[in-house]
Number of protein chains: 2
Amino acid sequence: MKPLRETTSVNAQVLSALRAAVISGELAPGSLYSVQTLATQLGVSRTPVREALIKLAQQGMVRFERNRGVRVLLTSLHDLEEVFALRLLLEPAATRRAVDRLDAAQLKELRRTFAHMEKAAKSDDEFTMFEHDRRFHRVLLEAAGNARLAGIVDGLRDMVLRRGVSTARESRSLDDIVAEHRVILDLVEDGDAVGAAEAMRAHVEHTAALLIAQEAGGEPVDVDLSWTTGAVMRTN
Amino acid sequence: MKPLRETTSVNAQVLSALRAAVISGELAPGSLYSVQTLATQLGVSRTPVREALIKLAQQGMVRFERNRGVRVLLTSLHDLEEVFALRLLLEPAATRRAVDRLDAAQLKELRRTFAHMEKAAKSDDEFTMFEHDRRFHRVLLEAAGNARLAGIVDGLRDMVLRRGVSTARESRSLDDIVAEHRVILDLVEDGDAVGAAEAMRAHVEHTAALLIAQEAGGEPVDVDLSWTTGAVMRTN
DNA sequence: CGGTGACGTGTCGCATGCCACTCTCGCCGA
DNA sequence: TCGGCGAGAGTGGCATGCGACACGTCACCG
């Protein structure tokens with residue numbers, strides 16, 4: 001007999017497949033693809049493909065062009081700036097909040113994820129590394145108790161994953177990345193909310209600087225993310 | 001010559017119609033509706049309705065329940081907390097940024113929108129009032145130069161609009177709301193970025209407090225949004 | 001030789017068909 | 001009377017049909 005088990009819906013499978021294809025670059029940024037073609041390649045009909053693409057379009061990864069196809073959007077320098085401005089506004093604050101709310105299970109999960117990152121870095125497994133990197137951040141964000149915030153940041157990561165995965169190592173080794181997360185983890189374990197938030201800010205800012213510099217390709221960059229930091233309240 | 005008339009797509013019309021129906025409460029929170037029924041009422045086929053609902057589902061306004069229908073989600077106290085935590089993290093910072101980037105056209109638009117708010121408050125036109133309230137915020141957010149940020153906040157507003165429109169006046173008059181925006185506008189015109197950001201924070205915080213207190217209905221509330229404010233950097 | 005307009009191909013957007021599943025409600029037996 | 005159950009109606013998810021439009025091609029004309 002066939003697996004009576006409830007497999008995830010076709011739509012969900014198509015969605016993750018398309019997302020992965022965009023991230024991996026299998027679907028080239030800037031190129032046009034037809035729903036029919038994608039549906040055939042995935043072995044399903046046009047409907048679930050179209051519906052998945054609608055979701056990706058809402059997220060800003062693709063854009064429908066009437067009677068022409070669906071275009072995979074390329075992330076410009078400005079896009080990177082937008083994404084990291086948002087991450088800098090959200091992640092440090094969420095981290096600060098998370099430290100005071102983290103329960104035992106979440107802390108354990110955070111440690112476990114970090115251990116996986118270390119292991120992946122040791123075996124030079126870039127893909128697994130970034131997978132757990134993402135999970136590390138997600139655990140912290142969820143611990144902050146704001147699902148929308150976690151979802152937003154998680155969505156933002158997709159925007160830069162494609163550029164980040166294969167090239168970030170040019171300027172920062174996997175070990176460096178692990179080290180930055182270790183600092184965060186240690187401060188979280190110490191219950192130092194402000195410190196952990198600051199470490200997170202530094203980590204995200206560092207990542208932003210590397211990716212933006214890389215994207216600019218040596219040209220002088222006109223990107224200012226400093227406005228995302230600092231007191232909102234008047235300094236008395 | 002201008003293109004004669006670009007009829008907005010059926011999908012877009014359906015989307016705004018459904019969004020309006022949810023916000024106005026015409027589609028009751030917690031209730032189930034079928035795509036077929038909605039499509040018939042709107043005079044279109046199921047496809048564009050379903051696609052619009054998918055977008056609303058991604059935004060968190062509705063949820064598909066297989067073989068049962070689509071449920072309009074109700075906003076809980078925790079939802080309000082999430083939404084306003086995000087707004088407090090984003091809007092003051094964006095305002096601060098906007099003050100330094102605002103061009104003449106945007107400033108003019110901000111003044112114009114504020115004037116509309118005043119007029120609407122005078123004639124006690126609640127609907128128009130909130131329409132321009134939303135626009136006021138959107139202009140500022142867009143001036144910050146971050147389209148994603150503007151889009152996120154704009155989406156968040158939908159979550160509370162339903163509760164806010166018809167009941168906020170119980171504790172805060174339209175004139176009060178105008179006054180809060182006037183403070184922001186004045187500080188923006190003065191070029192006082194930090195002050196405008198602080199005014200925005202106070203405004204959003206005030207709105208949050210009122211809506212949350214109202215939602216709680218007198219019961220003691222356990223909502224803490226203070227973590228969204230304050231220095232992320234260590235205070236030296 | 002250059003410009004132009006008609007035609008064919010390919011595409012999305014919308015409508016519709018089909019299927020498995022869920023829930024309701026009335027019937028039947030104890 | 002009451003409880004279980006089964007048939008039917010209704011639903012979302014997926015597949016497919018269909019029309020209008022964009023764009024490339026190419027023959028034709030100036």
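We name chains A, B, ... by the order of the sequence lines, and we start the count at 1 in each one. Because the structure is predicted, anything quoted here is derived from the model rather than measured.
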Protein and nucleotides 6-10 of chain D: nitrogen or oxygen contacts under 3.5 angstrom:
none

Plane angle bin for B:Phe136 and B:His181 - parallel if under 30°, tilted between 30 and 60°, otherwise perpendicular: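 It falls in the perpendicular class, over 60°.
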Residue pair A:Ile152 / B:Leu86, side-chain heavy-atom distance below 4.5 Å: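 Result yes, sub-4.5 Å side-chain heavy-atom pair found.
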Sub-4.5 Å side-chain heavy-atom contact between B:His137 and B:Leu140: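 No, their side chains stay 4.5 Å or more apart.
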Rounded distance in Å - CD (A:Gln13) to P (D:dG13):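 After rounding, the gap between these two atoms is 15 Å.
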Length of the line joining B:Gln36:CD and D:dG13:C1', which is rounded to integer Å: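 Taking atom C1' of D:dG13 as the reference, CD of B:Gln36 is at 14 Å.
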Qualifying ring-ring contact (aromatic ring centres under 6.0 Å, His included) pairs, either residue in residues 37-60 of chain A, two or more places apart: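 Counting only pairs at least two positions apart or across chains, no ring-ring contact (aromatic ring centres under 6.0 Å, His included) contact touches residues 37-60 of chain A.
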Pair listing, ring-ring contact (aromatic ring centres under 6.0 Å, His included) test, anchored in residues 48-106 of chain A, at least two apart: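 Non-adjacent pairs meeting ring-ring contact (aromatic ring centres under 6.0 Å, His included): zero.
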Presence of A:Arg68 side-chain N/O under 4.0 Å of D:dC23 phosphate oxygens OP1/OP2: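 For D:dC23, OP1/OP2 do have a side-chain N/O of A:Arg68 under 4.0 Å.
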Short side-chain N/O contact from B:Arg50 to OP1 or OP2 of D:dG12, under 4.0 Å: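 For D:dG12, neither OP1 nor OP2 has a side-chain N or O of B:Arg50 closer than 4.0 Å.
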Mind listing the N/O atom pairs, protein and nucleotides 6-8 of chain C, below 3.5 Å?
none

Residues in side chain to side chain donor-acceptor pair (under 3.5 Å) contact with A:Asn11, at least two apart in sequence or another chain: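 Scan of A:Asn11 (side chain to side chain donor-acceptor pair (under 3.5 Å), adjacent residues dropped) gives A:Glu51.
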Short side-chain to backbone donor-acceptor contact, A:Arg71 and A:Ser31, under 3.5 Å: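 No; judged by distance alone, with no hydrogens or angles, the pair does not exist.
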Short side-chain to backbone donor-acceptor contact, B:Gln59 and B:Gly155, under 3.5 Å: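 Yes, the answer is positive, given that a donor and an acceptor are paired below the 3.5 Å cut-off.
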Working for salt bridge (charged side-chain N to carboxylate O under 4.0 Å, His left out), residues B:Glu131 and B:Arg135: CA-CA 6 Å; B:Glu131 208 169 11; B:Arg135 174 142 195 82; over 6 Å; no
Minimum-distance pair of heavy atoms, taken over all atoms of A:Gln13 and A:Thr8: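 So the two residues come closest at NE2-O, 2.9 Å.
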Nucleic acid contacts of residues 40-48 of chain A, taken as heavy-atom distances under 4.0 Å to DNA chain D: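 Result for residues 40-48 of chain A: A:Val44, A:Ser45, A:Arg46, A:Thr47, A:Pro48, sorted by number.
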